[in-house]
Structure formats: structure tokens, C-alpha cells
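Worksheet: the structure to be examined is printed underneath.
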Amino acid sequence: MSDVTEIIEKQIKKYGKKRETLMPVLQSIVEKKHYLTEDSMLEVAKNLEISAAEVYGTASFYSFLDIKERGEFVIRICKSITCDMKGKNEIIKALENKLKIKFGETTPDKKFSLLLTNCIGWCDKSPAMLINDEVYTELTPQKAVKIIQDYYKK
Amino acid sequence: MINLKINNISVTVEQDTTILQAAKKLNIRIPTLCYHEDLCVAGNCRVCVVEQVGNKNLPASCCTPVTQGMEILTNSRKVRNARKTIIKLLLSEHDADCTKCYKNGNCELQDLAKEYCTEETEFYIDLLKDKNFTIDMASPSIIKDDSKCIKCQRCVKTCAEIQGVSALTAAFKGADMKISTFFEKSISEGVCTTCGQCINRCPTGALTEKRYINEVWAAIDDPTKHVVVQTAPATRIALGEELGYEPGERVTGKMVTALKQLGFDSVLDTDFAADLTIMEEGTELLTRLKKALVDKDPTVALPMTTSCSPGWIKFCEHAFPEFLPNISTCKSPQQMFGPLSKTYYAENKNINPKGIVSVSIMPCTAKKFESDRPEMIDSGYKDVDYVLTTRELALMIKQAGIDFLKLEDSKYDPLMGVSTGAGAIFGATGGVMEAALRTAYEIATGREVPFENINIMPVRGMDGVKEAKVLFENCLPDWSFLNGVELSVVIAHGLANARQVLQSVKDGKANYHFIEIMACPGGCLGGGGQPIPTSPEIRQKRANATYEEDMNMPIRKSHDNPEIKQIYKDYLEKPLGHKSHHLLHTKYLKRKKY
Amino acid sequence: MAKSLKKIDIIFIPDSECPYKVLENSIKKNKEDIIQNLIDSGLRGRGGAGFPTGLKWKFGAKAKGDEKYIICNADEGEPGTFKDRKILSEVPRKVFSGMGICAYVTGATKGFVYLRREYKYMVPALEKEIKIFNKKAIELGLNFNIEIFLGSGAYVCGEETALIESMEGKRGEPRNKPPFPIQNGYLGKPTIVNNVETFVSSMMVCKMGAQKYSKLGTQDQHGSKLFSISGDTPKPGVYELELGLNVADFVEEFGDGDTKAVQVGGVAGFCIPRKKFAEQIIGQGPTTGGATMLFNSSRSMYHVLQNYLEFFVEESCGQCTPCRVGTQQLLKGIEAVKNGNKAPAYLDELVKLSETMKISSKCGLGQSVANSFASIVENFREEMIY
């Protein structure tokens with residue numbers, strides 16, 4: 001738990017020990033540890049002196065504060081209408097085949113999670129997806145698979 | 001001042017008054033669901049929407065302040081249509097099989113459905129069948145049934161605002177939004193204090209108490225069992241509300257008769273045990289004071305706090321474990337009664353304690369948790385077998401076909417059935433303090449407390465935190481060390497207030513000798529097992545009844561109770577004696593803070 | 001370019017001088033004059049709600065408080081909208097300049113850019129620019145600095161009070177209004193929340209002057225606006241166009257020759273069918289966020305509506321009954337009609353339900369579902385049934 005505590009203390013140092021610091025704290029933990037575990041949320045509760053239930057209630061509200069186990073690289077394919085029209089289903093199928101998981105799941109080696117997300121603001125270059133913070137646009141099934149292959153090399 | 005019209009009737013109100021409050025002034029009832037007098041305004045159920053002339057949207061009356069010249073219609077076609085739609089939406093995500101529900105007949109959603117939906121033919125699509133909802137029955141005190149939740153968030157706000165515990169939260173968003181605990185664990189696993197205040201404010205059957213009615217019937221029906229029942233001080237001044245009376249009616253005598261008619265073998269009184277608690281706790285306080293003032297013992301834990309509220313105890317174990325030594329080692333009256341019913345009472349009546357079933361009627365849900373605490377077996381058996389709330393008792397009375405209003409009064413059975421005004425006031429915030437002072441002061445000085453009619457007014461009332469000071473002078477020789485001591489006491493009710501008091505002691509900002517803490521607003525009279533609804537007005541009426549009960553008792557001080565004198569003479573010997581330590585005192589344990 | 005479609009280049013053309021020059025000049029002017037200029041320009045908010053900007057800044061200046069905040073709403077979550085992405089990538093200095101002018105006239109000392117999580121890739125570049133701005137502010141003697149606050153993925157946080165709740169570390173549940181953020185906003189203090197494009201346009205108004213700006217556009221929709229155009233179009237992208245355009249001309253310019261419907265204002269906006277193109281003006285009534293999506297005849301409007309409703313069902317904050325439950329009923333309802341479990345007449349019940357949601361929901365999300373729901377069901381009814 002000490003590395004999570006370190007992350008939390010760094011944010012508290014920057015923003016102060018108050019409720020407003022909760023979002024930066026949760027975001028930092030997700031950034032470094034990929035998702036929020038029960039223990040890490042308890043650690044947040046302890047350090048910010050907020051009830052654990054409130055930490056959970058706040059975290060679970062936001063789509064990018066994952067409370068389910070996620071892999072090192074979280075793929076989020078946009079499913080809003082323009083990306084849908086431009087072929088997101090083919091992208092999903094291609095990646096499901098490549099990674100051998102269904103969307104919503106994480107690969108057994110914990111390298112990739114495959115999720116769907118709502119409009120990420122790249123409708124002019126759809127279909128689009130995020131992998132962690134990086135944006136990938138004008139996708140084709142082949143392009144998407146190639147991007148994943150390149151990630152394996154990382 | 002603001003002038004406005006509601007349904008074409010003019011009314012003048014102060015700035016910041018809401019439409020709902022202004023309508024109330026005109027005796028116009030606007031239906032609500034998420035609104036509650038005890039809580040900050042939510043404005044999320046939207047049942048209270050009204051039409052405002054000139055506004056294309058319907059404002060929610062509970063959270064919209066009035067403006068000059070506003071024209072409101074509470075019963076236009078648009079409003080009725082919107083209300084009906086919203087109620088139908090709520091019903092579509094609700095298990096509406098009322099016949100199976102504990103809240104049948106006392107459910108705010110049911111009331112609205114009755115008012116708006118009886119002529120409806122088309123309802124919306126059932127949303128429940130595709131959802132995975134849970135019914136959490138793991139807690140000994142509280143059942144959480146998500147299939148009945150309408151997401152008004154009253155429980156969340158109660159636990160946060162009134163109790164300062166926040167064991168509940170709204171979680172997720174959209175269609176997945178629900179009321180949850182930390183990581184959706186059972187409420188029995190977190191920091192829930194089992195106080196049941198959430199149950200008191202839940203408009204539907206989503207939160208109810210764990211019921212033991214069937215178990216108690218089984219014990220009564222079993223000819224091999226001797227069933228003993230004790231009744232809390234706060235039950236007798238509220239039970240009537242479930243059976244046809246207005247709040248504030250004292251129904252003690254009728255309650256005893258009903259219990260006898262239900263088939264309990266012996267109807268005894270928790271108030272007796274309350275008097276016993278005062279003897280033990282008063283002596284304990286004076287002992288600690290002596291250790292501090294005479295022996296100058298630095299290890300003695302002061303201030304001392306009361307220990308009769310199990311919600312408070314669990315709260316302290318979670319949130320302020322450093323204060324555990326400060327809590328009186330006395331068990332609560334319920335838990336003092338329990339072991340005595342299987343030892344003192346059993347021996348006196350020559351009954352094998354193995355065959356005794358000890359039941360209590362409580363205004364409380366935490367008492368169910370308390371009776372289940374593993375250490376509560378000092379009699380050699382489970383000291384209190386079942387705890388029923390005031391609500392459960394009322395249901396049993398109805399099931400038995402007893403016409404409560406027509407009952408004659410009866411008296412409690414002897415041995416543990418005589419009590420005093422001091423015992424009776426345990427049900428109100430400040431009551432334990434007042435009872436303790438009436439005895440402690442007289443033990444130390446030989447005189448009655450210096451308040452008119454021994455009514456210690458400064459400790460009474462509904463302020464969240466009350467302070468008082470009592471000067472001890474001209475004490476009896478044994479207690480001369482108290483001469484000149486101004487005993488400083490504080491009373492808190494509602495756990496958010498308790499937290500505030502403890503924090504101030506922790507921060508060194510306050511110096512008290514004795515602290516009374518009740519988990520529930522108003523004290524036990526506002527407990528999690530009391531009739532629903534609750535409101536400041538209802539709790540005040542119950543408090544008035546409590547002090548009326550006190551004034552009408554022939555004996556008003558615990559140490560004057562003849563049955564108390566008898567139990568010490570015949571059985572316990574003296575307060576804090578060997579037998580008392582074994583049966584009437586307990587330990588606490590540290591629990592997780594988060 | 002079609003006749004009524006005048007493309008303007010105000011926002012994205014590189015300026016001859018740094019936008020901070022406008023800031024520098026503005027803080028030498030009288031505060032009331034700046035505000036009046038903004039009011040005279042007729043500029044309305046560019047995020048979707050369309051509140052008159054000058055009026056908002058006027059209230060902000062009047063608001064009593066020792067601390068005031070400026071928040072730039074960069075939560076751009078409306079499907080089909082991506083103009084703020086382009087602004088923040090290409091001309092962030094115009095945004096900060098606008099925020100600086102706002103801080104000057106209102107007395108705010110702290111500014112935030114509430115950046116949606118999906119745009120996190122922008123943070124390094126933006127932080128560089130913010131550092132430059134903060135330094136410039138000190139140089140100019142303006143007591144105001146900006147920092148980024150990152151969102152965490154919630155469409156509803158584009159609503160100003162939900163945004164503020166999120167900044168306070170809570171669930172993004174919109175608040176009751178009144179009180180408005182101007183009186184009681186971030187941490188209970190007066191807070192001015194404006195969209196990214198609004199700050200840019202405000203700065204342009206300060207630069208050009210109200211008269212010149214208001215000459216653009218129409219009687220009740222002044223100025224220019226950015227449109228995010230996507231879908232069945234050969235030229236998706238961000239275009240700066242004068243307001244008051246005719247949809248038919250728009251389709252002529254941006255359609256693929258087979259346009260069946262145009263969604264104006266994102267999924268929270270209206271769907272305009274081919275037969276109404278000629279009579280419809282874009283942006284009639286309150287300004288929209290400018291998200292415009294084109295659908296050709298290969299698209300199933302049932303599928304489109306289903307996609308919209310799935311979005312609303314997920315993104316509703318969940319606190320108020322009409323939206324939380326209503327969105328689910330609308331989605332299940334059209335699915336039931338489509339697979340024959342409910343009669344086609346049930347669609348009328350659903351439209352009525354959406355109308356009730358419109359007038360009784362707690363915030364703009366629930367209130368705007370009816371826009372696309374009613375317009376699609378009424379104009380493409382056959383597609384809902386067969």
C-alpha cells in the first residue's frame with residue numbers, strides 16, 4: 001500500500017487535505033495503478049478523512065475512474081453515432097479477435113482491457129479510439145490491429 | 001416580504017421561503033417524496049413539481065424560492081399529468097407487490113399510487129426484471145432491499161447529515177445508479193452503527209428492520225419455554241402511534257395488558273434496569289472522580305460517557321476508539337436485564353434458565369445488534385434472545401386481534417417491574433444525565449438536586465449539544481472531596497453532534513466530567529425502531545409524554561426504587577460489587593475507522 | 001459556398017499580433033465599458049445553453065464576494081462536437097485572453113480550465129501555454145492565474161453545476177437552480193462558467209467592437225459560430241459560419257447528395273428531416289453547441305435514436321426520476337414497439353413521456369432528450385415500427 005499512500009500524499013501536498021483533492025487523488029492512482037482497488041480506496045478515505053462509502057460513490061460515478069480491474073493499456077472504442085456509422089463494429093470485432101477477449105474484459109496477461117466509450121470528440125476523423133491517453137483516429141480493422149501489435153512491442 | 005399567488009389565493013411570505021412552504025401556509029398540500037423536514041433539500045424526486053405562470057418548465061416546489069408576483073398552480077392538468085407520470089416511472093423500477101411488503105399501509109409511494117394511479121390502465125415497462133438487485137439481510141438490525149428503492153437519497157443524507165457516518169452513498173450513474181455501501185458490501189461489514197435512522201426516513205420498504213416476530217411467536221407458542229419480556233421507556237410513549245393514537249399519548253398500562261394477552265409469561269420493565277444502571281453508573285462516576293481528585297490517579301479516564309446507546313457504542317468503536325476507556329463499563333439497561341432474567345429472576349421463580357426466552361421491546365434497531373454481541377452471554381446463555389422494535393410489537397398486537405384502544409390498564413409483574421420517573425426519562429435526550437444527577441447528587445450531599453421539582457431543565461430540550469454545570473457543596477463526609485466541584489456535563493444526541501463533542505474534547509477545547517450521548521435525534525424516543533414518520537414536532541410530543549410519565553410516577557429517583565433496594569439486598573450486594581461486575585458490566589472493542 | 005452560408009475566418013486565422021495584446025489593451029479600459037460592449041454585441045454562450053455573455057459577466061462583476069472564480073468549460077461531451085478540441089489545440093491563447101478579460105471586469109483572481117478526460121493528451125501542450133499566460137498576467141499586473149482541472153468521464157459534467165460539483169470532489173449531480181453559480185458556485189463563491197468558444201468570441205468582440213461583430217449573423221443570433229460537422233459528409237471538420245443559415249443551403253454544401261436528416265445541436269438537439277430543410281434555420285431560438293451530423297438514406301433512424309437513447313441512459317446522473325427512469329423507458333419503449341411487444345400507438349405515449357421529462361427534469365440533460373426523441377419519432381415514424 002505504500003506506493004498508493006505516496007501517490008495520495010503527493011496530491012495532498014499539492015492541493016491540501018480537502019474534499020476538492022479527491023478527484024486529483026483518484027485520477028493519479030488510476031494513472032499509475034490502472035484502476036482503484038478496495039484497499040486503495042480505503043487508503044484514500046483514511047488520508048483525506050472521508051468515509052469509504054463516499055470515496056466509492058464518487059469514484060463509481062465517473063467512467064474513467066475504473067473500479068474494476070483493468071490492464072496496463074485500456075482501449076476505449078467510441079460508440080457514439082458517427083463512429084458507429086463509420087464502422088466501429090468492425091473495429092470491435094477485429095480487436096476482440098486479436099486479443100481473444102470480448103469487450104468489457106481484460107486479457108489474462110493483464111496487458112489490455114477492451115472497453116466501449118461515449119463520444120471522445122473526434123467525429124470528423126471517425127472511427128476513433130483511446131488507448132490510455134493516446135488518441136487513434138480514422139481507424140480501419142487492419143489499422144487497429146497494427147496499433148495493438150505495436151503496443152505489444154512496448 | 002414577498003407577495004405571490006398560489007391557486008389564485010394571495011399569500012405573503014419572507015424572502016427565501018420555498019413554494020412548498022408558502023403553500024403550507026395556505027394549507028395547500030403539495031405531495032413530496034425526497035423532501036424531509038429533518039434534512040437539507042434534495043429536489044430530485046420531482047414529485048412536488050408545480051406549474052408557474054410564464055414558465056414553460058415546472059419548478060420543484062421544495063427547492064424553488066418564491067419571487068415577487070409569482071403565480072403558482074398546484075392542481076392544473078399539466079401538474080397532475082406530470083405527477084402521475086413521475087409516480088408511474090417510480091413504480092416501473094419498484095417491486096410493487098405490496099401484499100408481501102412490511103411497509104404495506106405505511107409507504108409514501110403506495111400513498112401516491114393510491115392518489116394518482118387507481119384509474120390507470122397503462123403502466124410503463126417493468127425495469128426490475130432485467131436488473132440484478134440485492135436484498136441484504138446480513139445485518140442483525142437492518143434489511144436493505146434494493147428492489148424497493150426509489151433513489152430519493154433520504155437515507156444517504158440522513159447517514160451523512162444527521163449521523164455524520166456516511167455508511168451509505170449514491171453509486172454509479174444513469175440506469176445503474178443505486179444506493180450502496182462501500183464496494184457494495186453488506187451494511188453489516190462497514191461502519192454502519194445500526195442506529196436505523198435511515199429506516200425512519202425511508203419512504204418505502206427499501207430499508208426496514210430485521211424482524212423476529214415469527215421467532216417470538218414460536219417461543220410464546222412453545223409450552224416448554226418461559227418467555228419474559230422487558231419494555232423500553234421510549235416504547236410506551238410512542239406505541240400508540242401505530243395503533244390509532246396521536247403522537248404524545250402515553251399507553252403504558254394498555255401496552256402491559258396487550259403483552260399479557262399476547263402470551264408472554266412475565267411482563268417486566270426495562271425502566272427497572274434503567275434504575276439499576278443509574279445505581280451502577282452513578283457509583284462508577286463518583287469512583288472515577290474520587291480516583292482523579294483524591295488519589296490524583298493520572299490513568300483514570302475522564303470525562304466518562306454513558307453506555308446505554310448501542311448505536312453510540314458502535315460509532316465510538318469505529319470512529320473514536322481512543323475514547324473506549326472513557327465509556328462507562330455499565331451495560332445498557334436492556335443488557336443488564338437480560339442476564340438477570342436468566343439468573344436472579346430464574347432463581348427467584350425456580351425456573352431452569354435453559355427454558356427462558358428473554359425478549360425486549362425497543363425503540364431501537366441497534367439493540368438487535370447489541371443483543372447479538374458475542375460477549376453478551378454472561379448469564380451462561382444468550383442474555384437477550386430477541387429484540388422487537390415498537391413497530392414489530394404493534395404488528396403482533398394487530399395479528400393477535402387485540403382491540404388496543406379498548407384495553408384496560410395493567411401493572412407490570414413484580415421482581416423487575418417497578419420503576420421510577422428517573423427510569424422513565426431515559427427515553428429522552430438528557431434523561432440519563434438527569435436520572436444520574438438526581439441519584440449522584442443525593443448520594444454525595446444527602447439532599448435532592450437543587451432544581452424545582454427535581455426537574456433538571458438545563459439538560460432537557462432538542463438542542464443538539466447541551467451543556468450544564470452542577471455545583472457540589474456541603475457534601476456528606478464520605479464525599480467531602482467533591483466540595484466545591486462544579487460538575488461539568490454535556491449531552492449530545494445524533495451522531496454528528498456526538499462527533500463534534502468528542503472532537504472538542506480530543507482537541508482540548510472542552511473540559512467535561514460526564515457526557516451523555518444518544519445516537520438518535522431526540523434520544524431513544526426518536527430511535528430507529530419507532531413509528532414512522534418522524535419529525536421534529538413528533539419527537540417533541542414524545543418528549544413531552546416522557547416527562548409527563550416522570551411527573552406521574554410515585555417514585556422519581558432510582559435509588560428510592562424498592563425493587564432496586566431488594567436486588568442489591570438479596571442478590572447483587574452493592575453497586576460495582578462482584579456479581580455486578582460479572583453480570584452488569586462489559587468491555588468494548590476497536591473497529592475499523594473506514 | 002451556398003448563398004446564405006458565409007464562411008468567416010475570425011477564430012482560427014493566425015492573428016497579426018498576440019491575443020494577449022487584446023488583454024493588455026482591455027485592462028486599460030473601463031470595466032463597465034467592456035461589459036456594455038459585450039452586451040451590445042448580442043453574443044450568447046457557445047456551449048449550448050445560449051445565455052447572453054455580457055449579462056453573465058455583468059452579474060459576475062456585481063456579485064458580492066471576496067473570492068470569485070472563472071471556469072472555462074472544456075468538457076465538450078456532446079456527441080458530434082469537437083470544436084473546442086480544435087480551439088484548445090490551435091488557438092489556446094485566445095481562450096486565456098478571454099478568461100483574463102473576464103477576470104478583469106469581474107474581479108476574479110483564479111481561473112480553471114475544466115478539461116474533459118478524453119482530451120488528456122492535450123495537457124502537456126496546454127500547461128506550457130498556461131505557464132506563459134500566468135507569467136503574462138503578472139507582467140500586466142493582473143491578479144489572476146489559471147490551472148487545469150481534469151474531468152473523469154461524465155457527459156453531465158458539461159452542465160455548469162455538475163461541473164462545479166465534480167471540481168469539489170463529489171459526484172457530478174447538477175444542483176438546484178436558483179441559486180446560480182454567479183451567486184453560489186465553486187466552494188459557494190461567485191463563479192462565471194463559460195464555454196471555450198465563448199471566451200474566444202468575447203475576446204474577439206473586445207477586439208472588433210460590438211458594432212462590427214453584431215453585423216454578422218441575424219437579428220436574434222448575432223455573430224459567427226463554429227460548427228462541428230460530421231457523419232455522411234465528404235468534408236467533416238470545424239467550420240466558422242455566420243448564424244441564421246438555412247438548412248437546405250447547409251446540406252447543399254456539406255451533404256453527400258443523399259442527405260435524409262440533419263441532427264442539429266448534437267444528440268440533445270433536433271433532427272430535421274429532408275422535407276423541412278428549406279424552412280429551417282440553424283440556430284433558431286437558443287444557440288446550439290454547433291454539433292451538426294448528417295445522415296443519408298442508408299441510415300436507420302431507429303438505430304440512430306436507439307444509439308442516442310443508450311447514450312442518455314448511461315450518462316444521466318441518475319438523481320432525478322424523470323431522467324433516470326424516463327430515458328430507460330424511452331429506450332425500452334422503442335425497442336418494444338420495434339419487436340412488436342407494444343403497439344405502434346405506444347410511440348405517442350412515449351412522446352408524451354418525453355414532453356413530461358422536458359418540463360420536469362432537474363437539468364438540461366433530461367430536459368433536452370425530448371428534442372431528438374420527438375423530432376425523430378414524429379418525422380420518421382415508419383422507421384420506428386417496421
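All values reported here derive from a predicted model rather than from experimental measurement. Just so it is clear: chains get the letters A, B, ... in the order the sequence lines come, proteins before strands, and each one is counted from 1.
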- Task: Test B:Val11 against B:Leu4 for side-chain contact (heavy atoms from CB on, under 4.5 Å), laying out the working first.
- Result: CA-CA 6 Å; B:Val11 66; B:Leu4 69 149; 3.7 Å; yes

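- Your options are C:Ala154, C:Pro322, C:Gly333, and the one with the most heavy-atom pairs under 4.5 Å with chain B is C:Pro322.
- Judged purely by distance below 3.5 Å, without hydrogens or angles, the side chains of C:Lys358 and C:Asn371 pair a donor atom with an acceptor atom.
- Around atom CD of C:Glu382, more than 12 heavy atoms belonging to other residues, nucleotides or ligands sit under 6.0 Å away.
- Judged by distance alone, with hydrogens and angles left aside, the side-chain atoms of B:Thr181 form a donor-acceptor pair with the main-chain N or O of B:Lys185 at under 3.5 Å.
- Side-chain atoms of B:Asp136 come within 3.5 Å of backbone N or O of B:Ile187 as a donor-acceptor pair.
- A donor-acceptor pair under 3.5 Å is formed between the side chain of C:Ser375 and the backbone N or O of C:Cys271.
- Few gaps surround NZ on B:Lys131; more than 12 heavy atoms of other groups in view lie less than 6.0 Å from it.
- A salt bridge is absent between C:Arg171 and C:Glu165: the closest approach of a Lys/Arg side-chain nitrogen to an acidic carboxylate oxygen does not fall below 4.0 angstrom.
- Considering B:Thr32, B:Leu90, B:Ile87 as possible partners of B:Leu112, the one that fulfils the side-chain contact (heavy atoms from CB on, under 4.5 Å) test is B:Ile87.
- Using a cut-off of 4.0 Å between Lys/Arg side-chain N and Asp/Glu carboxylate O, B:Glu93 and C:Arg324 are scored as salt-bridged.
- Residues from residues 52-71 of chain B that place a non-hydrogen atom less than 4.5 Å from a non-hydrogen atom of chain C comprise B:Lys56, B:Asn57, B:Leu58, B:Cys63, B:Pro65, given in numerical order.
- Taking a cutoff of 4.0 Å between a charged side-chain nitrogen and a carboxylate oxygen, C:Asp66 and C:Lys189 qualify as a salt bridge.
- For a residue to count as touching a neighbouring chain, one of its non-hydrogen atoms must lie under 4.5 Å from one of that chain's; by this rule C:Ser361 touches chain B with the backbone only.
- Only the side chain of C:Thr356 comes within contact range of chain B, judged by heavy atoms closer than 4.5 Å.
- Taking 4.0 Å as the cut-off between side-chain N and carboxylate O, B:Lys129 and B:Asp126 do not count as a salt-bridged pair.
- By a heavy-atom distance cut of under 4.5 Å, C:Val313, C:Glu314, C:Glu315, C:Ser316 are the residues of residues 309-316 of chain C near chain B, going up by number.
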- Go through B:Asp176 and B:Lys178 one step at a time and tell me if the salt bridge (charged side-chain N to carboxylate O under 4.0 Å, His left out) criterion holds. CA-CA 6 Å; B:Asp176 295 335; B:Lys178 60 193 289 228; over 6 Å; no

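- Between B:Tyr594 and B:Phe182, the distance from one ring center to the other does not fall under 6.0 angstrom.
- Side-chain atoms of C:Gln329 come within 3.5 Å of backbone N or O of B:Ile125 as a donor-acceptor pair.
- For B:Leu33, no part lies near chain C; criterion is any non-hydrogen pair under 4.5 Å.
- With a 4.5 Å cut-off on non-hydrogen atoms, B:Asp130 touches chain C through its side chain but not through its backbone.
- Using non-hydrogen atoms only and a strict 4.5 Å limit, the part of residues 78-86 of chain B facing chain C consists of B:Lys78, B:Asn81, B:Ala82, B:Thr85, B:Ile86.
- Within a 6.0 Å sphere centred on NZ of C:Lys58, heavy atoms belonging to other residues, nucleotides or ligands number 12 at most.
- A distance of 10.0 Å separates CG in C:Asp75 from CG in C:Asp84, rounded to the nearest 0.5 Å.
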- Task: Check the pair B:Asn104, B:Gln110 against side-chain contact (heavy atoms from CB on, under 4.5 Å), reporting the backbone distance first and the verdict last.
- Result: CA-CA 8 Å; B:Asn104 189 358; B:Gln110 192 182 42; 2.8 Å; yes

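- Residues of residues 347-355 of chain C lying under 4.5 angstrom from chain B, judged on non-hydrogen atoms, are C:Leu353 by number.
- Between C:Glu160 and C:Lys177 there is a salt bridge, with a side-chain nitrogen of the basic residue lying less than 4.0 Å from a carboxylate oxygen of the acidic one.
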